[in-house]
There are 2 protein chains.
Amino acid sequence: MLGIGKLSAATGVKVPTIRYYEQIGLLQAPARSVGNQRVYDGRALDRLRFIRHARELGFPLEAIRELLSLSDQPGMPCAAADIIAKRQLVSVQGRIARLRLLQDELERMVSQCAHGTVSDCKVIEVLGDHGLCLHGDHGA
Amino acid sequence: MLGIGKLSAATGVKVPTIRYYEQIGLLQAPARSVGNQRVYDGRALDRLRFIRHARELGFPLEAIRELLSLSDQPGMPCAAADIIAKRQLVSVQGRIARLRLLQDELERMVSQCAHGTVSDCKVIEVLGDHGLCLHGDHGA
DNA sequence: CTTGAACCTCTAGTTGCTAGAGATCCTACA
DNA sequence: TGTAGGATCTCTAGCAACTAGAGGTTCAAG
């Protein structure tokens, strides 16, 4: 009973994003008004809220697709959902760990900057010479 | 004096990525051999190492572009480099903070999972009902 | 009945690469 | 000297997850 604009306002998901979710099959195509405009019901609202919350938690769309299809089958064991959530937890923990290393090195870089000229700037120097930095290999 | 393959091996940057950096103007187009293959000198090596290290620290390519042009002007004050590095530090700190919130909620979700059926799965339930979660708004 | 906001579809752009096709080059070995 | 193979070349298209814009229609308020 709500148009795409109201749905957007009610969920915090932008209008083009809602259309995008429909396009990739994450959200069912809704009914249309006489003038061909999308008309959503309460179920669509729930589903989009679900998607939005999962996105906030960093789940990739493919994982959300699985979670949604799980939530449509209430009788199934929830082990699959558990696995997906754990996978996401591990990924988040890994990202935190890597970012902490970056944080350390950036802090070191910034704190060593003597605010002189580029020629003796530690920021530039550290970037130019990997040997000056504390660790070996870490992704961004 | 080195081909693109050697340069790649020496820096850890993949061959197509090197060509990509050249294409977007981050890396100067090198000399070519008689047979039209790229030939790099030591300066290119330094520059690519610089880029790689900055990428590892999560600097976006546009920031790296600025940092590179700064490092080409050794007499300039290094305040600009300092600002860029601080900006990056703030961004990393923000990402860590957000990820920690996610981590908390994911842990809560996973630990509450009773390993029963989907219908009483906390993972699915929390995702479906934003009110069950601890916080308001946070990006992914 | 008109105006203007909201909606429609479609394409293309974002970031930082990665993968493939199909052609050419370079080097080492017989 | 010939040739087999790996390395290189260009070009296009794809990934995630949207975002922005063009150009056109519909709807609701005054």
Side-chain angles (χ1 to χ4, degrees), chain A residues 1-27 29-40 44 48 50-68 87-88 91-92 95 98 102 138-140, chain B residues 1-27 29-40 44 48 50-68 87-88 91-92 95 98 102 138-140:
Chain A
M1 321 317 156
L2 29 158
I4 198 168
K6 305 284 179 193
L7 185 67
S8 169
T11 57
V13 178
K14 290 184 191 145
V15 168
T17 304
I18 296 173
R19 285 195 280 248
Y20 169 71
Y21 287 163
E22 180 184 328
Q23 189 193 310
I24 63 168
L26 201 63
L27 214 52
R32 296 291 184 126
S33 75
V34 189
N36 197 34
Q37 302 197 350
R38 288 169 179 85
V39 185
Y40 296 92
L48 189 50
F50 185 104
I51 295 171
R52 195 216 160 180
H53 195 187
R55 283 297 298 138
E56 282 172 358
L57 288 169
F59 287 92
L61 292 181
E62 279 318 297
I64 296 174
R65 204 188 287 275
E66 293 177 64
L67 288 168
L68 276 171
R87 197 201 299 150
Q88 176 63 12
S91 141
V92 166
R95 275 193 278 166
R98 264 180 293 123
L102 302 193
H138 48 67
Chain B
M1 320 316 154
L2 28 158
I4 198 169
K6 305 285 179 192
L7 184 68
S8 168
T11 56
V13 179
K14 289 185 192 145
V15 169
T17 305
I18 296 173
R19 286 196 280 248
Y20 169 71
Y21 287 163
E22 179 185 327
Q23 189 193 310
I24 62 168
L26 202 61
L27 216 50
R32 296 292 183 126
S33 75
V34 189
N36 197 35
Q37 301 195 352
R38 287 167 179 85
V39 184
Y40 295 93
L48 189 51
F50 185 104
I51 294 171
R52 194 213 160 183
H53 196 186
R55 283 297 298 141
E56 282 172 359
L57 288 168
F59 286 91
L61 292 181
E62 279 317 299
I64 296 175
R65 203 188 288 274
E66 292 176 63
L67 288 168
L68 276 171
R87 196 200 300 152
Q88 176 64 12
S91 141
V92 166
R95 275 192 278 166
R98 264 181 292 125
L102 302 192
H138 47 67

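Sequence lines set the chain letters: A, B, ... in the order given, protein chains first and strands last, and positions in each chain run from 1.
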(request) Measure from the side-chain N and O atoms of A:Q88 to the backbone N and O of A:G58, and report whether any donor-acceptor pair falls under 3.5 Å. (result) yes

(message) Is the shortest side-chain heavy-atom distance between B:P30 and B:V39 below 4.5 Å?
(response) no

(request) Check the pair A:S91, A:R95 against side chain to side chain contact (heavy atoms under 4.5 Å, CB included), reporting the backbone distance first and the verdict last. (result) CA-CA 6 Å; A:S91 141; A:R95 275 193 278 166; 4.0 Å; yes

(request) In whole angstrom, give the distance that lies between atom CZ of B:R65 and atom P of C:dG16. (result) 10 Å

(request) Check the distance between C:dC17's C1' and B:L48's CG and give it to me in whole angstrom. (result) 14 Å

(request) Take atom CZ of A:R32 and atom C1' of D:dC27, then tell me their distance rounded to the nearest Å. (result) 15 Å

(request) Please work out which residues in residues 4-24 of chain B have a non-hydrogen atom less than 4.0 Å from an atom of DNA chain D and list them by number. (result) B:I4, B:G5, B:R19

(message) Within the structure provided, determine whether B:Q37 and B:R32 are in side-chain contact (heavy-atom separation under 4.5 Å).
(response) no

(message) Using whole Å, what does the distance between atom P of nucleotide C:dT27 and atom CG of B:L2 come to?
(response) 14 Å

(request) Name the residue closer to the 5' end of DNA chain D, choosing between A:N36 and B:Q37 according to the nucleotide with the nearest heavy atom. (result) B:Q37

(request) State whether B:E22 and B:R19 are salt-bridged, where the test is any N-O pair (Lys NZ or Arg NE/NH1/NH2 against Asp/Glu carboxylate O) under 4.0 Å. (result) no

(message) Can you tell me which nucleotide in D:dT10, C:dC17, C:dC7 comes closest to the side chain of B:R38?
(response) D:dT10

(message) Measuring only between side-chain heavy atoms, which start at C-beta, is A:I24 closer than 4.5 Å to A:R65?
(response) yes

(request) Would you mind reading off the distance between B:I51 atom CD1 and C:dC17 atom C1', rounded to a whole angstrom? (result) 14 Å

(request) Look at A:S33 and D:dT26 and indicate whether a side-chain polar atom (N or O) is within less than 4.0 Å of OP1 or OP2. (result) no

